[in-house]
Colleague: 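Just dropping this structure here.
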2 protein chains.
Amino acid sequence: MKLQQNTVRLDPWDLRILSEIQANGRISKSELANRVHLSASACSERLRTLQSAGIIEGFYARLSPALTGSVIFVMVEVVLDRHHLQDQRHFETAIQDVPEVLDCWAIGGRVDYLMRVAAPSMVAYQDFMDRLLQTGLRIDQYYSLVVTKSVKANSPIPVSALAEQ
Amino acid sequence: MKLQQNTVRLDPWDLRILSEIQANGRISKSELANRVHLSASACSERLRTLQSAGIIEGFYARLSPALTGSVIFVMVEVVLDRHHLQDQRHFETAIQDVPEVLDCWAIGGRVDYLMRVAAPSMVAYQDFMDRLLQTGLRIDQYYSLVVTKSVKANSPIPVSALAEQ
DNA sequence: CCTGAAATCTATAGGTA
DNA sequence: TACCTATAGATTTCAGG
């Protein structure tokens, strides 16, 4: 892996590491080294570099969507009332500190943002949105799409898509 | 943690473990034990139980959405042409083996499914959808919402939502 | 990039409440 | 049953090539 003026060049070894660790985040470094055919130390070093370069943002456990059945997910489409840059920045910054918002994507077109929200119940969800509307985020409209089933969750990004053209 | 006829009761220790590991999937077990105030062996045992009970589905690395800039994400709303149970099952099963589809949620209302799709380019994306339409999945309509920015990604589910009522 | 040894972590066995 | 401590074995880190 080479770092050159903020641009990262990922070589085939890096891609193999990413691909592996993306699907199997807690294997030991020695096992990872075996799978990508590197020594433990070299592999460990690359892993550290990939992390500090921000290519690997972090590691997490995925919990069962069912869990104890006590969590519901709602996809929320959000339209802001103005599209000023500072309003977007404000919204995007504020949303970071709202734990109920698990994901948020900016989207061109019909709506401005799509968010995935977790709540203990429908009542709690509605409560949450009511509160969110009063926080000066300039939300004009929102549409709630209740998730009835998590069909597929956070599958790894295919390595082919990671490779440089 | 008690397992009783397929129902899992999570005690405060389990919740602390889940909360920690959800945000920090690769800390050592001894460090995890410190943080939740358990001995390494007890903590390790609980972790194993949480995994084999399916509460923890797995561990993953989260990669930077920017990466090398060579991946685009598209949210795709899908409407099936019939709502027969077997068509839904077919769609949901088939989608599991399509690597481009990273997430898929079933949604009540305007559309049937919402999927997050990764592709190396817009051309590749359109290609992918054209192929998907020809696979007999009975897709009637689809709407593409191109993600212009990943504002927040896979934030941990708040522990309060995990706790039993 | 590799090897090899010191430091750290994990799994297991045995003991207590 | 669920926790603890102790320890042997595995893993990780780091110095040197």
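Naming: A, B, ... by sequence-line order, numbering from 1 per chain. Everything numeric in this text was worked out from a predicted model, so none of it was measured.
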Colleague: So do B/Val101 and B/Arg116 actually touch side chain to side chain, heavy atoms under 4.5 Å?
Modeller: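 The answer is no; the side chains never approach within 4.5 Å.
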Colleague: In this structure, how many angstroms lie between the P atom of D/dT1 and the CG atom of B/Asp11, rounded?
Modeller: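 Going from CG in B/Asp11 over to P in D/dT1 covers 16 Å.
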Colleague: Indicate whether the side chain of A/Arg62 and that of B/Tyr60 have a donor and an acceptor atom separated by less than 3.5 Å.
Modeller: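 The criterion, which ignores hydrogens and geometry beyond distance, is satisfied for B/Tyr60 and A/Arg62.
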Colleague: Between atom CG in B/Leu50 and atom C1' in D/dA2, what is the gap in whole Å?
Modeller: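 From B/Leu50 CG to D/dA2 C1': 14 Å.
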Colleague: For the pair made of NE2 in B/His37 and P in D/dA2, what is the distance, rounded to whole Å?
Modeller: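 To the nearest whole Å, that distance equals 21 Å.
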Colleague: Is there a donor in the side chain of A/Gln134 and an acceptor in the side chain of A/Asp130, or the other way round, less than 3.5 Å apart?
Modeller: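 The criterion, which ignores hydrogens and geometry beyond distance, is not satisfied for A/Asp130 and A/Gln134.
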Colleague: Roughly how many Å is it from CG in B/Asn34 to P in D/dC4, rounded to a whole number?
Modeller: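 From B/Asn34 CG to D/dC4 P: 12 Å.
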Colleague: Starting from C1' on C/dT10, measure out to CD on B/Glu45 and report it in whole angstrom.
Modeller: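 Atom CD in B/Glu45 sits about 14 Å away from atom C1' in C/dT10.
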Colleague: Would you indicate which nucleotide in D/dC4, D/dA2, C/dC1 comes nearest to any side-chain atom of B/Leu38?
Modeller: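 So the nucleotide nearest the side chain must be D/dC4.
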Colleague: Looking at B/Lys152 and A/Glu92, does any basic side-chain N land under 4.0 Å from a carboxylate oxygen?
Modeller: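 Judged by the 4.0 Å cut-off on N to carboxylate O distance, B/Lys152 and A/Glu92 do not form a salt bridge.
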Colleague: Using a 3.5 Å distance criterion without hydrogens, assess whether the side chain of A/Gln96 forms a donor-acceptor pair with backbone atoms of B/Val151.
Modeller: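 It does hold such a pair.
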Colleague: Under 3.5 Å, is there a donor on one side chain and an acceptor on the other for A/Gln88 and A/Tyr113?
Modeller: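 Per modelled atom types, A/Gln88 and A/Tyr113 side chains form no pair under 3.5 Å.
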Colleague: For nucleotides 10-17 of chain D, read 5' to 3', which letter fits each nucleotide if B means a protein heavy atom sits under 4.0 Å from the base, S means only the sugar-phosphate is that close, and - means neither?
Modeller: -SSSB---
Colleague: Using atom CG of B/Leu47 as one end and atom C1' of D/dA2 as the other, report the distance to the nearest whole Å.
Modeller: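 So the two atoms are 16 Å apart, to the nearest Å.
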